[in-house]
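Take a look at the structure set out below.
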Amino acid sequence: MSVIYKQFKHIITEQFENEQAFLNEYNTGEFTFEKPYVKLNPYLIAPLTAVVMFKTEEEVAGRVVVKGKEEAGDMSFELPKAKEHVVQVLGLYAGYNNQVVIELEGGRTTTLEIQTEEAPEKVKQPTKVETTPEYMGSNVVFVSPTSPAMTAAYDYKGDVRWYMTLNLAFDIKRVKNGRLLIGTNRLVAPPYHTTGLYELGMIGKIYKEYRLPSGYHHDQFEMEDGNLLILTQDLPRGTVEDMCALVDRKTGEILKTWDYQKVLPQDKGGSGSQDAHDWFHNNAVWYDKRTNSLSLSGRHQDIVINLDYETGELNWILGDPEGWPQEMVDKYFFTPVGDGDFDWQYEQHACVVLPDGDIMVFDNGHYRSKVKEKYVPADQNFSRGVRYRINTEDMTIEQVWQFGKELGKEFFSTYISNVEYYGEGHYMVHSGGIGTKDGETCNFPPVAVSVDEVEFNSITFEIKDDVIMFEMRIPANYYRAEKLPLYCEADALTFGKGELLGTLGVTEEMMTEVPAEEVKDVPDTYNVRVGEEEDRIILKATFEKGQLVMLILEGEEATHRYFVPTTKRPFLAMCVGTFQESDERAVEFPVSKEGLKGSLKVKLLIDDTQYDTGITIDC
């Protein structure tokens, strides 16, 4: 029998244990300002960070400077008055003997040398960065990956100054407390739906995980009161990416949900990538306080919709009306006006509502038609950032700005990508899903095929008053790009264990018992592995397509049976490929521990035979 069983600590637990260890080292040692305590990568997942600790007799303020390879590369942060000094060092270079200068009031200084390891291959090196240090200031540009790469941040020269070793994906947002929100590394359903969101400090410490019963995907938004809008779904009903949840920031409780099936038909207006399972493909959410409404991007219907926040009723639909019922066209769609250029957006991402009510999106332009006979091939297509002016009184729309169309196929991304608004005339446009195969521009998500067959690229521009102020090209696909400073005064390091909030819910069970002959050993051909996390059990194995598989957890008081899907879906929007197994027969199936009690024997039903793995899990 070759069933592998392993227990896994949650990263929050691992970080807490590491924190306790380095605090013990500090508290039992003799450290001074001249020779302070230094811990590189204190939270295990951010190798270009360190914590420096020392005491002073008087309360003094100070400043930390991570010296750049040239003066323009210096990164600095003010230290508040204290006797017990906990200094977060961010912005170290990889594979470099970094010089870190700490200055205190009164003129005392000390210089530390911190040697870092070379960045791994998955931290991709930009092939081009054009900007000025004066323009970038203290900012770096973060990219979160889809193709095999790592979440990383680059400075004005293209040097990596921060990266994350955890397999994190989707949007990265800084929230009011200075921390970051990003999707977790724990998969709940293929191809990329994860347990929820991490709230982490830039030093890599995870303070909270917000879990949802059907997981998280694509995007999140912090409300004015701190509560979170999180994109999700109801997995048991068989569709994905068609719900939004409001989550309590303190408890993780779901306070409210919006279900798009209540306001939209699922078989109308489909894009070229739509299927019944992923009929809407919601990839962005934005709350507009001015109108108390939610705007949501639906890639697989080529539309941005706007819902009343309180009632969930549909206010308007932005997109090509072809293929929609006439009664919906008359009531909800806009009519183009004006004398300038106008193109509808197709399979768009990253809807943003501007202060004046204009709508910005990244128009991927995939197929650029809703009629198959009119599909535009990739080598004749374009992607762009676009700004629309809408009038909800007379339901008219005007295109007032665009960038990218003039670049043609070089800037064409069938999937992912984003836009950012920094002020009037000041935008970021990130085309993150560019790919070529055999020299031809990809008309499919490049991450959906073998990495050896495709040449990946992403191109990020910042435009100010129609002048390109920043350009970066990296040989990988990245979901979104975000410009942020590494240091944020609100992002103070707080010691203590992080929190698991919310719930994964109770995993749906199969109520029918299937009769089968029991055999003791599991054949090696199935490559069965069972992992136990603090809040769930995970089955990994290799099965042929369409095999009947059931996971059985057998206890003295109750037996729990779960149907394990082995039929592969043809995912038409593989927004994140970093979670995918290379073997198409690979299956990963998680079961929440919620509702499970006692000692449970782990068994498998495969076709008409039941196998005992020999594993018992105590819940």
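Counting from 1, the numbers follow the sequence of the chain as shown.
Here the rule is side-chain hydrogen bond (donor to acceptor under 3.5 Å, both in side chains) with T460, and of H430, E420, E471 only H430 fits it.
Taking 4.5 Å as the limit, some side-chain heavy atom of R249 sits within range of a side-chain heavy atom of V175. Considering only heavy atoms from C-beta on, F221 stays 4.5 Å or farther from L181 through its side chain. Taking 4.5 Å as the limit, every side-chain heavy atom of L314 sits out of range of all side-chain heavy atoms of Y260.
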Would you sort out whether T184 and E209 count as a side chain to side chain donor-acceptor pair (under 3.5 Å), showing the intermediate values? CA-CA 8 Å; T184 74; E209 179 184 343; 4.5 Å; no
Step by step, work out the ring-ring contact (aromatic ring centres under 6.0 Å, His included) result for Y388 and F342. CA-CA 9 Å; Y388 295 112; F342 185 91; 5.7 Å; yes
Yes or no on side chain to side chain contact (heavy atoms under 4.5 Å, CB included) for Q220 and L228, after CA distance, side-chain angles and deciding distance? CA-CA 7 Å; Q220 63 277 356; L228 301 173; 5.8 Å; no
I'd like to know whether D308 forms a side chain to side chain donor-acceptor pair (under 3.5 Å) with S293, so could you lay out the CA-CA distance, the side-chain angles of the two residues, the decisive distance to 0.1 Å, and finally the verdict. CA-CA 5 Å; D308 183 281; S293 67; over 6 Å; no
Using the side chain to side chain donor-acceptor pair (under 3.5 Å) rule, take Y93 and R161 through it: C-alpha gap first, then chi angles, then the decisive distance, then the call. CA-CA 5 Å; Y93 292 95; R161 305 295 292 270; 3.2 Å; yes
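There is a side-chain donor-acceptor pair under 3.5 Å between H349 and N364. In the model, S214 has no side-chain atom that pairs as donor or acceptor with a side-chain atom of Q233 under 3.5 Å. Checked by atom type, the side-chain pair Q274/H300 shows no donor-acceptor distance below 3.5 Å. Judged by distance alone, the side chains of Q348 and N283 never bring a donor and an acceptor atom under 3.5 Å apart. Defined by atom type and a distance below 3.5 Å, a donor-acceptor pair is missing between the side-chain atoms of W279 and D267.
A salt bridge links D343 with K405: at least one charged nitrogen is closer than 4.0 Å to a carboxylate oxygen. A salt bridge does not link K69 with D155: every distance from a Lys NZ or Arg NE/NH1/NH2 to an Asp or Glu carboxylate oxygen is 4.0 Å or more. Ion pairing between a basic and an acidic side chain is recognised when a charged N comes within 4.0 Å of a carboxylate O; R368 and D302 show no such pairing. Between R389 and E398 no salt bridge is recorded (no basic side-chain N to carboxylate O distance below 4.0 Å). The pair E322-K370 does not meet the salt-bridge criterion, since no charged nitrogen lies less than 4.0 angstrom from a carboxylate oxygen. No salt bridge links E482 with K173; every basic N to acidic carboxylate O contact stays at or beyond 4.0 Å. At a threshold of 4.0 Å, the pair E424-R387 counts as salt-bridged, since one of the basic side-chain nitrogens sits closer than that to a carboxylate oxygen.
Side chain of E222 to main chain of K176: a donor-acceptor pair is present (N/O by atom type, distance under 3.5 Å, no hydrogens or angles). Remark: the backbone N or O of S295 is not paired with any side-chain donor or acceptor of N315 at under 3.5 angstrom. Under a 3.5 Å cut-off, the side chain of T131 and the backbone N or O of F470 do not form any donor-acceptor pair. Between the side chain of H217 and the backbone N or O of T232 there is at least one donor-acceptor pair closer than 3.5 Å. Using a distance-only test at 3.5 Å, with no hydrogens or angles considered, a donor-acceptor pair links the side chain of R211 to the main chain of G502. Of the possible donor and acceptor atoms, one in the side chain of S431 sits under 3.5 Å from a partner among the backbone N and O of F411.
Ring pair W162/Y154: centre-to-centre distance not below 6.0 Å. Ring pair Y422/Y427: centre-to-centre distance not below 6.0 Å. For H218 and Y192, the gap between ring centers is short of 6.0 Å. Between F170 and Y479, the ring centre distance stays below 6.0 Å.
The line from NZ of K124 to CG of N457 is 12.0 Å long, rounded to the nearest 0.5 Å.
Cation-pi geometry between R480 and F142 is not met at under 6.0 angstrom from the ring centre and within 45 degrees of the axis.
Heavy-atom minimum distance, D275 versus D278: OD1-N, 2.6 Å.
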